[in-house]
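All of these numbers come straight from a predicted model, not from anything done at the bench.
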Amino acid sequence: MKNFHTLHVLSLLATIGTFVNGQGEFTLACNALTIQRGDPIISPGAISNHTHIVIGGTAFNRSMSQDAAPNALATTCSAAIDRSNYWQPLLYHMQSDGQFEAVEFQGNAVYYLQRACDYADNRTSCPTGFMPQAPPAGLRMISGSPLLRNYTDTFAQRAQSHMCLTDSTSVYTNSLPTQACLRLRSQVFFPSCWDGKNLDTPDHTHVSFPAIGDYNGGVCPSTHPVAIFSIFLEFFYDTSPYTDWENLVYAMGDITGYGLHGDFLNGWTDIDALQNAFDTCGSNGYSLSSPGCSITNGTVQGAQTQQVQIQPPYEDLGLNKSVPVLPGPNYVTGSVADRTV
Ligand SMILES: *[C@@H]1O[C@H](CO)[C@@H](O)[C@H](O)[C@H]1NC(C)=O
Ligand SMILES: *[C@@H]1O[C@H](CO)[C@@H](O)[C@H](O)[C@H]1NC(C)=O
Ligand SMILES: *[C@@H]1O[C@H](CO)[C@@H](O)[C@H](O)[C@H]1NC(C)=O
Ligand SMILES: *[C@@H]1O[C@H](CO)[C@@H](O)[C@H](O)[C@H]1NC(C)=O
Ligand SMILES: *[C@@H]1O[C@H](CO)[C@@H](O)[C@H](O)[C@H]1NC(C)=O
Ligand SMILES: *[C@@H]1O[C@H](CO)[C@@H](O)[C@H](O)[C@H]1NC(C)=O
């Protein structure tokens, strides 16, 4: 535990509590792979509505097939066999002249957690030590909706959150922050329950949050009876230049932050190794450096710098200089006054 960033450990506990049926967890660190208007889950083969920041396997492209990710040549993540892709909308800053500039991305942490348990008749809590399934090969899923501009206290909306870090405090909100932050973490928790059949469906409802518990763990519903490993994403941004916190806005034009969302496309090259991670990578998680750890064999690489294998067509996304409108185009919607939760 000592050799992992204390900040991340504290953040995990502060953010997702100690709702556990098992203690298993491990964490990967990843760098950005590509920033582009690509989204093979929501907009397969097409240009996406808004800009995403993508991490993980280098095979990412708009039209990648269900089985393409594990064949990626490399990954930006710290476990070499994780060729999955994970993405979120890019965070922008609206300047005083009305133009938009991308906020600098600082890296990412991906948590895998042993939190949910299978549906069973009359089950109201998870048996201690219940081991969920590793996400099946080819699974694709999303959490959150880019269209939301209001908060309703559902598991699905509780799963999207922000942590504002100053030099003395960490302030948790579901909305974008309501104060200046040195660093902002955009956090997405994925559904932990699977229908047991579909790797994806047109409306992406083949996965669900638990029926009993909370967004971050508990008993799965009868419609989605199979518990899978829970995945939690933290994307870090350097917000220190922006004391005008009210001008932070997501790529889809969301100034509230309630439209934060994440996507996951499974690219682990060895699902059995993933399945065994909680049992082999050190008790209580955090240790991928144990020699017997099934997903590393004890060799943990740092977050990697890699190029995506297929570059998207060039487009000015406001990465180096500002752009007059958010790529899409997307216009700012919602109100800063609605950052209430
Ligand atoms: C793109 O955005 C428009 C308007 O915001 C929306 O109606 C449409 O469903 C979006 N398309 C996708 C693929 O998300
Ligand atoms: C994206 O990846 C798929 C393989 O999954 C490949 O067939 C396709 O040609 C790639 N797309 C582009 C634009 O190269
Ligand atoms: C679940 O509870 C119902 C009602 O008490 C009971 O009839 C049923 O046998 C229980 N099922 C199991 C598997 O325990
Ligand atoms: C660990 O070592 C075994 C035996 O050499 C090998 O089959 C396996 O692919 C390795 N796993 C990883 C994650 O490197
Ligand atoms: C934008 O910045 C990135 C990295 O900072 C650099 O690799 C890229 O070449 C720049 N693009 C343009 C068009 O200047
Ligand atoms: C929902 O969001 C819209 C757009 O920000 C706002 O106009 C409206 O007042 C909000 N509704 C509620 C019930 O908060």
Side-chain angles (χ1 to χ4, degrees), residues 1-19 25-32 35 53 55 76-78 86 88-96 99-111 113 144 151 158-189 216 232-251 254-260 262 284-287 300 302-303 305 318-320 322 334-341:
M1 183 181 289
K2 287 280 192 305
N3 60 6
F4 190 70
H5 307 284
T6 310
L7 183 65
H8 296 192
V9 175
L10 289 173
S11 77
L12 178 73
L13 297 176
T15 305
I16 55 179
T18 50
F19 188 98
E25 56 191 76
F26 64 85
T27 312
L28 309 177
C30 313
N31 286 335
I35 297 177
I53 182 154
I55 63 166
T76 69
C77 294
S78 53
Y86 311 81
Q88 288 189 3
L90 182 62
L91 185 67
Y92 284 87
H93 172 248
M94 186 169 54
Q95 303 175 161
S96 53
Q99 302 227 354
F100 299 87
E101 57 189 332
V103 178
E104 190 187 331
F105 183 68
Q106 291 184 311
N108 157 285
V110 181
Y111 295 85
L113 303 150
Y151 186 78
R158 288 165 68 78
Q160 326 299 322
S161 62
H162 297 86
M163 190 69 89
C164 170
L165 304 170
T166 71
D167 47 17
S168 57
T169 58
S170 302
V171 180
Y172 181 91
T173 52
N174 293 97
S175 70
L176 276 165
T178 52
Q179 64 178 86
C181 316
L182 292 178
R183 201 175 194 198
L184 183 70
R185 279 207 319 259
S186 298
Q187 310 181 140
V188 172
F189 205 104
N216 57 9
F232 177 60
L233 292 184
E234 292 180 337
F235 279 38
F236 304 86
Y237 291 98
D238 177 7
T239 47
S240 60
Y242 312 117
T243 51
D244 58 334
W245 48 269
E246 64 278 9
N247 290 319
L248 296 173
V249 56
Y250 279 115
D254 174 20
I255 204 147
T256 66
Y258 299 130
L260 173 62
N284 219 345
Y286 300 116
S287 175
V300 188
T305 299
L319 304 183
N320 301 316
S322 54
S335 156
V336 173
D338 286 331
R339 293 187 191 175
T340 52
V341 182

(request) Kindly indicate whether the side chain of Y111, heavy atoms from C-beta on, has any atom under 4.5 Å from the side chain of Q187. (result) no
(request) To the nearest 0.5 angstrom, please state how far the CG atom of N247 sits from the NE2 atom of H93. (result) 5.0 Å
(message) Please find the pair of heavy atoms, one from A303 and one from S78, that lie closest to each other, and give the distance.
(response) N-CB, 4.3 Å
(message) Donor-acceptor check, side chain of Y86 to backbone of C30, threshold 3.5 angstrom: yes or no?
(response) no
(request) State the CD-OH distance between Q106 and Y237, to the nearest 0.5 angstrom. (result) 10.5 Å
(message) Taking V341's backbone N and O only, do any of them form a donor-acceptor pair with Y258's side chain (distance below 3.5 Å, no angle check)?
(response) yes
(request) Could you tell me which non-hydrogen atom of T256 sits nearest to which non-hydrogen atom of G334, and how far apart they are? (result) CG2-CA, 4.0 Å
(request) Hey, could you give me the CG/CD1 distance between L90 and I35, rounded to the nearest 0.5 Å? (result) 5.0 Å
(request) Search all heavy atoms of Y92 against all heavy atoms of A102 and return the closest pair with its distance. (result) CD2-N, 3.5 Å
(message) Which residue is it: T76, N31, L28? I am looking for the one with a side chain to side chain contact (heavy atoms under 4.5 Å, CB included) to I55.
(response) T76
(message) Tell me whether R339 contacts the main-chain N or O of P177 through its side chain, where contact means a donor paired with an acceptor under 3.5 Å.
(response) yes
(request) Taking all heavy atoms of A180 and all of T166, pick out the closest pair and write down the distance. (result) O-CG2, 3.7 Å
(message) Tell me whether R158 contacts the main-chain N or O of N216 through its side chain, where contact means a donor paired with an acceptor under 3.5 Å.
(response) no
(message) Nearest 0.5 angstrom please: M163 CE to T173 OG1, how far?
(response) 9.0 Å
(request) Quick one: list whatever passes side chain to side chain donor-acceptor pair (under 3.5 Å) with Y250, sequence neighbours left out. (result) H162, S186
(message) Using modelled atom types and a 3.5 Å cut-off, is there a donor and acceptor pairing between side-chain atoms of D244 and backbone atoms of E246?
(response) no
(request) Just jot down the side chain to side chain contact (heavy atoms under 4.5 Å, CB included) partners of Q99, sequence neighbours excluded, or say none. (result) Q95, D97, S322, P324
(message) Nearest 0.5 Å, please: how far is CG in L260 from CG in L233?
(response) 9.0 Å
(message) Using a 3.5 Å distance criterion without hydrogens, assess whether the side chain of T239 forms a donor-acceptor pair with backbone atoms of C181.
(response) yes
(message) If the condition is ring-ring contact (aromatic ring centres under 6.0 Å, His included), which residues does F100 pass it with, not counting sequence neighbours?
(response) none
(message) Donor-acceptor check, side chain of T169 to backbone of V171, threshold 3.5 angstrom: yes or no?
(response) no
(request) Taking the side chain as every heavy atom from C-beta outward, state whether V336 and W245 have any pair of such atoms under 4.5 Å apart. (result) yes
(message) Can you give me the closest heavy-atom contact between L91 and L184, atom names plus distance?
(response) CD2-CD2, 3.8 Å
(request) Of all the heavy-atom pairs spanning F235 and F105, show the shortest one and how long it is. (result) CD2-CE1, 3.4 Å
(message) Taking Q160's backbone N and O only, do any of them form a donor-acceptor pair with N174's side chain (distance below 3.5 Å, no angle check)?
(response) yes
(message) Given 3.5 Å as the limit, does a donor-acceptor pair link the side chain of N108 with the main chain of E234, or not?
(response) yes
(request) Report the distance from atom CE of M94 to atom CG of L248, rounding to the nearest 0.5 Å. (result) 9.5 Å
